[in-house]
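Encoded as structure tokens, the structure appears first; notes follow it.
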Amino acid sequence: MEGKLNNFQVGDLPTVIYKPDFITESEEMHLLDRVYGAPVSKWKSLKNRRLQNWGGVVHEKGLLPQDLPPWLTKITQRIYEESGLFPSAINHVLINEYLPDQGIMPHQDGPAYFPVVAILSLGSPTVMDFIPHSRLRTCTDSGDNDVKSEGSGEEPLEIETDKKMDNHHPFSVLLMPRSLLIFKDNAYSDYLHGIKDSEVHQYDGAINDAEPLVSHKFDQPLLEPGKAVQIVGSRDHKVIHRTANRVSLTCRLVLKVHKNLFKF
Ligand SMILES: O=C(O)CCC(=O)C(=O)O
Ligand SMILES: [Fe+2]
């Protein structure tokens with residue numbers, strides 16, 4: 001299936017796609033209303049962010065499914081159709097909320113997911129860092145505790161300590177509100193991805209910093225009205241001041257779906 005997002009590949013890897021303005025401002029507002037309108041009990045607080053889990057419980061061996069609500073299927077269906085990268089409909093969405101000084105440790109997504117991830121950003125820009133890691137470390141280490149869980153129970157985190165980095169280089173992607181990031185293949189399997197827990201993010205050298213939305217290559221600060229977000233740019237020092245919350249929708253597919261608990 002040829003996806004119409006193919007033209008939006010960024011960087012050297014063939015497997016990172018960045019589509020600015022995938023949704024409109026009113027769609028963004030609508031989604032944020034839904035996220036914040038969810039019952040308080042839907043939020044799970046972790047040390048450094050909050051999250052909502054939609055679509056069911058992900059186990060190592062598969063998904064104990066729950067139907068996604070229509071406000072989510074509307075967007076996941078669009079991602080499914082326009083990307084052409086998922087073999088069947090997206091059935092799991094993790095919604096993360098980050099305060100301006102919060103992030104997510106470098107990690108690789110859990111093994112239950114089909115290795116394509118689509119992340120829709122809402123609210124505030126951020127920079128996502130990709131750090132190469134050695135695939136060999138994942139299964140062979142025993143007592144070293146490379147793989148840690150941050151508490152969601154479904155995302156083993158691998159802390160990069162290996163300095164052997166083959167020919168892979170770290171890179172970063174600037175994620176503007178309303179944008180869609182998709183990564184797969186090498187970008188999925190050979191790199192950890194994470195977001196720094198600092199209020200200031202640099203995006204010098206971000207693989208998509210040529211995109212028109214980020215053409216603020218002047219020295220004057222630019223304040224987006226209503227968003228309380230500052231993007232300051234100069235040729236050498238491009239930074240985002242994260243002054244508002246960011247909400248992201250991480251949309252994935254778990255191929256193995258269990259209809260009842262006893263089939264695990
Ligand atoms: O919030 C993001 O953009 C990333 C979230 C993520 O990596 C995850 O939920 O696995
Ligand atoms: Fe992730």
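Numbering starts at 1 and runs along the sequence shown. Computed from a predicted structure; not experimentally measured. Read the numbers this way: they start at 1 and go in the same order the structure lists the ligands and their atoms.
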If you count the atoms of ligand 1 from 1 in the order shown, which ones are under 4.0 Å from a heavy atom of H193?
7 (O)
Of E97, H107, R49, the residue with the heavy atom nearest atom 8 (C) of ligand 1 is H107
Just jot down the ligand 1 atoms closer than 4.0 angstrom to any heavy atom of N96, in number order.
5 (C), 9 (O)
Please check: side-chain N/O of Q108 versus main-chain N/O of Y188, any donor-acceptor pairing under 3.5 Å?
yes
Salt bridge (charged side-chain N to carboxylate O under 4.0 Å, His left out) contacts touching residues 111-122 (sequence neighbours left out)
none
With heavy-atom distances below 4.0 Å as the criterion, list the atoms of ligand 1 near Y98.
1 (O), 2 (C), 4 (C), 5 (C)
Taking 4.0 angstrom as the limit and counting only heavy atoms of L94, give me the atoms of ligand 1 inside it, by number and element.
9 (O)
Would you mind running through ligand 1 and noting each atom that sits below 4.0 Å from a heavy atom of I119?
3 (O), 4 (C)
Got a donor-acceptor contact below 3.5 angstrom from the E97 side chain to the N245 backbone?
no
Mind checking whether D109 contacts ligand 1 via backbone (N, CA, C, O), side chain (CB onward), both or neither, at a 4.0 Å heavy-atom cut-off?
side chain
Option among I195, D129, V239 that satisfies the side chain to side chain contact (heavy atoms under 4.5 Å, CB included) test with H201
I195
Inspect the contact between R178 and D21 and indicate whether a charged nitrogen and a carboxylate oxygen are less than 4.0 angstrom apart.
yes
Selected option - heavy-atom contact closest to atom 3 (O) of ligand 1, from M105, Q108, R246:
R246
Counting each atom of ligand 1 from 1 as listed, which ones have a heavy atom of M128 under 4.0 Å away?
2 (C), 3 (O), 4 (C)
Any donor-acceptor N/O pair, Q9 side chain to P14 backbone, under 3.5 Å
yes
More than 12 foreign heavy atoms under 6.0 Å from CG of D185: is that the case here?
yes
Where the Fe ion (ligand 2) is the corner point, what angle links NE2 of H193 with OD1 of D109, to 10°?
90°
Part of R252 with heavy atoms under 4.0 Å of ligand 1, whether side chain, backbone, both or neither:
side chain
Is the shortest side-chain heavy-atom distance between L94 and R252 below 4.5 Å?
yes
